[in-house]
Amino acid sequence: MRFILAILVSILCMSMFLLLLRIKSREHKKIVNRMEYFSGSAVQLRQQRLRGRNTPNVKSKFRKIVRNAAQKLQSIQKGNRMDFKMQQADWPLLGSEYEVMLAIFGALCGIIMLAATLEPWIALVAGLAGVILGLMFLDIYIKRRQKAFTNQLGDMLTMVANALRAGFSFMQAFELIAREMEAPIGREVQKVVNEVNVGATLETALENMQKRVESPDFELVVTAVLIQRQVGGNLAQILDTISGTIQERIRMRREVKALTAQGRASGVVLAILPVALAGILTVVNPGYLKPLLEEPVGQVCMVGAVVLEVIGYFVIQRIVNIEA
């Protein structure tokens, strides 16, 4: 029963953590609307202010606490790789702010678990699990965003090639992409345009974009553009060729994913099955699994089972993960 309660508590805490991220995202939108005010978008600013009147003080106090704690944490850190991850995820957060939110989330998980079980070591494990879940959520979000970027890349190259044939310059074509295409590729291209507008070279802006998206396909595009700027050539035709190649690679990846679907499903089922079986046995016969939790030999067996389960899951995922 405690195991089921721990799962429910973890889900509740994760939901609260996502809510905090949503609150921070709304604050970023407010800043964007204020900047648009100086460019003529006064109507949107008034609408945002009207919405802000109903914002409770609890949110502003929480944001202030996170911001102050993040500033103190940032003052003692020489370099924070989490800042780069925030750029990859396109979240309106500093790395130190996200670390503070992870600490709060982990502490909340630990406190709730301590109140539910009255076991300090379980609360400590729950706190660490909360932090790990937050980091896993960030990595999964970044990977999904990079995958969405790759899926949009072929259409982007086609639009750039057509714009070049119509007489646009390369930067004008990028501005068109930033206006017309949706996130994530529209957001990333807009960052490139902004960097060039503030004085960075196109080469530097494209390399920074490649570091954020970490896409082998886009690395090919960057290389082709940089070579063309040095030696010349028909860039539109080059981009058309690269676009066709990328589309074929995406199609091949989808075929490989379909062929390996059974193996990936087997890994997920084998990972969930022991946990589900333990939950069913706990509900049907609460005392059946007590020796595994109370006896030293049972605890060693539980740890060994968890370790082997994790190893088996990653081995299966490694087998079915075919690079196309």
Can you find a heavy atom in the side chain of [X] that is under 4.5 Å from one in the side chain of [Y]?
{"X": "Arg254", "Y": "Asn151", "result": "yes"}
{"X": "Met159", "Y": "Asp155", "result": "no"}
{"X": "Leu93", "Y": "Met82", "result": "no"}
{"X": "Val310", "Y": "Val307", "result": "no"}
{"X": "Lys143", "Y": "Gln88", "result": "no"}
{"X": "Val192", "Y": "Glu188", "result": "no"}
{"X": "Gln146", "Y": "Ser215", "result": "no"}
{"X": "Leu138", "Y": "Trp91", "result": "yes"}

Pairing of [X] and [Y] as salt bridge, 4.0 angstrom limit:
{"X": "Arg251", "Y": "Glu255", "value": "yes"}
{"X": "Arg253", "Y": "Asp217", "value": "yes"}
{"X": "Lys85", "Y": "Glu214", "value": "no"}
{"X": "Asp90", "Y": "Lys191", "value": "yes"}
{"X": "Glu203", "Y": "Arg229", "value": "yes"}

Cluster question for you: counting only ILVMFWY and a side-chain heavy-atom cut-off of under 4.5 Å, with indirect links fine, are [X] and [Y] together?
{"X": "Ile238", "Y": "Val225", "answer": "yes"}
{"X": "Leu226", "Y": "Leu164", "answer": "yes"}
{"X": "Leu206", "Y": "Leu235", "answer": "yes"}
{"X": "Leu202", "Y": "Leu220", "answer": "yes"}
{"X": "Met302", "Y": "Leu281", "answer": "yes"}

Please confirm whether the backbone N or O of [Y] pairs with a side-chain atom of [X], one donor and one acceptor, at under 3.5 Å?
{"X": "Thr260", "Y": "Gly263", "result": "no"}
{"X": "Ser243", "Y": "Leu239", "result": "no"}
{"X": "Glu195", "Y": "Ala200", "result": "no"}

Shortest non-hydrogen separation from [X] to [Y] and the atoms involved:
{"X": "Ala178", "Y": "Gln190", "result": "CB-OE1, 3.2 Å"}
{"X": "Phe174", "Y": "Val189", "result": "O-CG1, 3.1 Å"}
{"X": "Gly134", "Y": "Leu102", "result": "CA-CD2, 3.5 Å"}
{"X": "Pro274", "Y": "Glu309", "result": "CG-OE1, 3.6 Å"}
{"X": "Gln299", "Y": "Leu293", "result": "NE2-O, 2.8 Å"}
{"X": "Leu114", "Y": "Ala123", "result": "CB-CB, 3.7 Å"}

Supply the atom-to-atom distance [X] [atom1] to [Y] [atom2], rounded to the nearest 0.5 angstrom.
{"X": "Leu157", "Y": "Asp240", "atom1": "CG", "atom2": "CG", "answer": "8.5 Å"}
{"X": "Arg179", "Y": "Ile177", "atom1": "CZ", "atom2": "CD1", "answer": "9.5 Å"}
{"X": "Thr223", "Y": "Gln210", "atom1": "OG1", "atom2": "CD", "answer": "8.0 Å"}
{"X": "Ile250", "Y": "Leu153", "atom1": "CD1", "atom2": "CG", "answer": "7.0 Å"}
{"X": "Arg318", "Y": "Ile311", "atom1": "CZ", "atom2": "CD1", "answer": "15.0 Å"}
{"X": "Lys290", "Y": "Leu292", "atom1": "NZ", "atom2": "CG", "answer": "13.0 Å"}

*Could you go through the side chain to side chain contact (heavy atoms under 4.5 Å, CB included) check for Met252 and Gln247 one step at a time?*
CA-CA 9 Å; Met252 184 180 297; Gln247 294 289 1; over 6 Å; no
*Let me see the working for Lys257 and Arg264 under side chain to side chain contact (heavy atoms under 4.5 Å, CB included), right down to the final yes or no.*
CA-CA 9 Å; Lys257 187 175 181 180; Arg264 289 183 285 106; 3.1 Å; yes
*With distance as the sole criterion, is a donor-acceptor pair present between the side chains of Gln87 and Asp83 under 3.5 Å?*
no
*Just do the side chain to side chain contact (heavy atoms under 4.5 Å, CB included) check on Phe168 and Glu175 with the steps written out, would you?*
CA-CA 10 Å; Phe168 284 55; Glu175 292 174 357; over 6 Å; no
*Which class fits the ring pair Phe149 and Phe218: parallel under 30°, tilted 30 to 60°, perpendicular over 60°?*
perpendicular
*asked:* Would Val100 and Ile104 count as a side chain to side chain contact (heavy atoms under 4.5 Å, CB included) here? Give the steps.
replied: CA-CA 6 Å; Val100 171; Ile104 294 175; 4.0 Å; yes
